[in-house]
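The structure presented is a predicted model; accordingly, all values stated were derived computationally and were not measured.
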Amino acid sequence: MNKKILVPLANGFEEAEFIGIVDVLRRAEVEVIVAGLQGDSLYTGANRVQIKADESLKNIEPSEFDGIVLPGGFEGMDNLKSDDTIIKIIKDFHFKKKLVCAMCASPIVLHHAGVLEGRDFTCYPGCETGLDGKRHNQAVVVREHIITSAGPATAILFGLEIVKLLCGQETYKALFEGLLVPLTLSIES
């Protein structure tokens with residue numbers, strides 16, 4: 001049975017994160033639905049790249065999904081945090097132990113929904129202020145059904161951890177190698 005993930009889209013999203021997440025999940029043959037907060041129109045990212053939503057958030061049926069993944073971007077996060085439907089979906093998924101994933105500034109949305117609850121997490125440096133939990137300076141933190149990630153450069157690794165939980169180690173390993181992640185581990189600064 002194919003897995004299905006909801007990726008909500010709001011103006012101000014972080015483009016590298018959004019593309020990294022959706023690309024990796026779709027490579028793993030996960031059905032990804034990009035649902036726009038204000039309909040199935042074009043949304044403008046933090047760096048003025050535009051993406052068209054697959055459909056409107058109001059037209060999706062949350063019970064059909066295995067999880068939700070929130071890209072970051074401070075303005076995008078703020079728009080997600082202010083949307084009652086998003087908060088309700090996050091709370092419901094958390095209660096049902098479905099995947100609840102957020103990166104960059106968007107762990108703030110998880111906090112707002114009451115999901116962090118003192119858990120370990122990661123986020124963009126500085127976005128942890130006032131959050132209920134312990135920030136780790138790591139690319140990705142996985143705690144049960146909650147996955148968080150730090151920022152744009154970690155989007156592929158974030159997507160891969162989601163794939164590992166949804167699709168298993170074999171699919172994860174194939175994508176890890178196919179995306180040439182091992183080459184990035186040898187970069188000298």
Side-chain angles (χ1 to χ4, degrees), residues 1-10 13-37 39-43 45 49-73 76 80 85-86 89-90 92-104 106-107 109-110 115 121-122 138-185:
M1 180 171 72
N2 277 357
K3 300 295 185 177
K4 189 172 182 179
I5 291 291
L6 172 63
V7 179
L9 187 59
F13 68 95
E14 171 53 56
E15 296 93 335
E17 295 167 3
F18 173 85
I19 294 295
I21 293 164
V22 173
D23 179 84
V24 170
L25 293 175
R26 287 187 175 162
R27 285 175 191 253
E29 298 183 8
V30 172
E31 184 179 356
V32 177
I33 303 299
V34 177
L37 266 58
D40 63 350
S41 56
L42 283 174
Y43 290 80
V49 174
Q50 292 189 321
I51 300 285
K52 186 177 185 318
D54 297 324
E55 60 185 87
S56 175
L57 181 65
K58 68 180 181 182
N59 294 335
I60 63 115
E61 176 49 57
S63 65
E64 296 176 358
F65 291 87
D66 297 292
I68 186 170
V69 181
L70 309 178
L80 294 172
T85 302
I86 292 295
I89 291 170
I90 292 169
D92 181 58
F93 283 15
H94 177 55
F95 177 76
K96 293 176 179 172
K97 305 278 191 241
K98 291 183 174 187
L99 279 181
V100 176
C101 311
M103 71 179 306
C104 191
S106 286
V109 182
L110 300 188
V115 168
F121 70 95
T122 191
Q138 294 174 220
V140 181
V141 172
V142 180
R143 295 297 183 267
E144 298 168 0
H145 63 282
I146 299 171
I147 305 175
T148 53
S149 188
T154 66
I156 300 296
L157 300 175
F158 180 54
L160 285 168
E161 287 298 325
I162 296 166
V163 165
K164 188 188 296 181
L165 284 177
L166 284 175
C167 308
Q169 185 71 26
E170 189 175 313
T171 302
Y172 164 82
K173 187 172 178 1
L175 281 175
F176 185 89
E177 298 291 331
L179 289 167
L180 303 180
V181 174
L183 284 179
T184 68
L185 304 177

Identify the heavy atoms of [X] and [Y] that sit nearest to each other, and give their distance.
{"X": "S106", "Y": "P71", "answer": "OG-O, 2.7 Å"}
{"X": "A53", "Y": "G39", "answer": "CB-O, 3.9 Å"}
{"X": "C104", "Y": "E17", "answer": "CB-OE2, 3.1 Å"}
{"X": "C101", "Y": "F158", "answer": "CB-CZ, 3.6 Å"}
{"X": "T122", "Y": "A139", "answer": "CG2-O, 3.9 Å"}
{"X": "F65", "Y": "K98", "answer": "O-NZ, 2.7 Å"}

So, the side chain of [X] versus the backbone of [Y]: is there a donor-acceptor pair under 3.5 Å, distance only?
{"X": "E31", "Y": "K3", "result": "no"}
{"X": "E144", "Y": "I146", "result": "no"}
{"X": "R26", "Y": "V32", "result": "yes"}
{"X": "K52", "Y": "Y43", "result": "no"}
{"X": "D54", "Y": "V34", "result": "yes"}

Query raised in the report: Got a second to check how far L37's CG is from L9's CG, nearest 0.5 Å?
Result: 8.0 Å

Query - Point-to-point distance, once rounded to the nearest 0.5 Å, from CG of D40 to CG of L57 - result: 12.0 Å

Query - Partners passing side-chain contact (heavy atoms from CB on, under 4.5 Å) against D92 (at least two apart in sequence or in another chain) - result: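 Partners of D92 under the side-chain contact (heavy atoms from CB on, under 4.5 Å) test: K96.
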
Report summary line: Across all chains, not counting sequence neighbours, the side-chain contact (heavy atoms from CB on, under 4.5 Å) partners of S56 are K58, N59

Would you mind reporting whether [Y] and [X] have side-chain heavy atoms less than 4.5 Å apart?
{"X": "V49", "Y": "F18", "value": "no"}
{"X": "V163", "Y": "V24", "value": "yes"}
{"X": "V142", "Y": "V140", "value": "yes"}
{"X": "I5", "Y": "L166", "value": "yes"}
{"X": "I21", "Y": "L70", "value": "no"}
{"X": "L165", "Y": "I147", "value": "yes"}

Report task. Under the side chain to side chain donor-acceptor pair (under 3.5 Å) rule, collect the residues that match up with E64, sequence neighbours excluded. Result ->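 By the side chain to side chain donor-acceptor pair (under 3.5 Å) rule, E64 matches K4.
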
Report summary line: The side chain to side chain donor-acceptor pair (under 3.5 Å) partners of E55 (sequence neighbours excluded) come to none

Sequence neighbours left out, cut at 3.5 Å: what donor-acceptor pairs do the side chains of residues 170-181 make with other protein atoms?
none

Report task. Scan residues 148-160 for pairs that pass side-chain hydrogen bond (donor to acceptor under 3.5 Å, both in side chains), counting only residues two or more places apart or in two chains. Result ->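 Qualifying pairs, neighbours excluded: S149-T154.
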
Query raised in the report: Are any of the side-chain nitrogens in K97 or D66 under 4.0 Å away from the carboxylate oxygens of its partner?
Result: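 Here K97 does not pair with D66 in a salt bridge, since their nearest N and O are not under 4.0 Å apart.
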
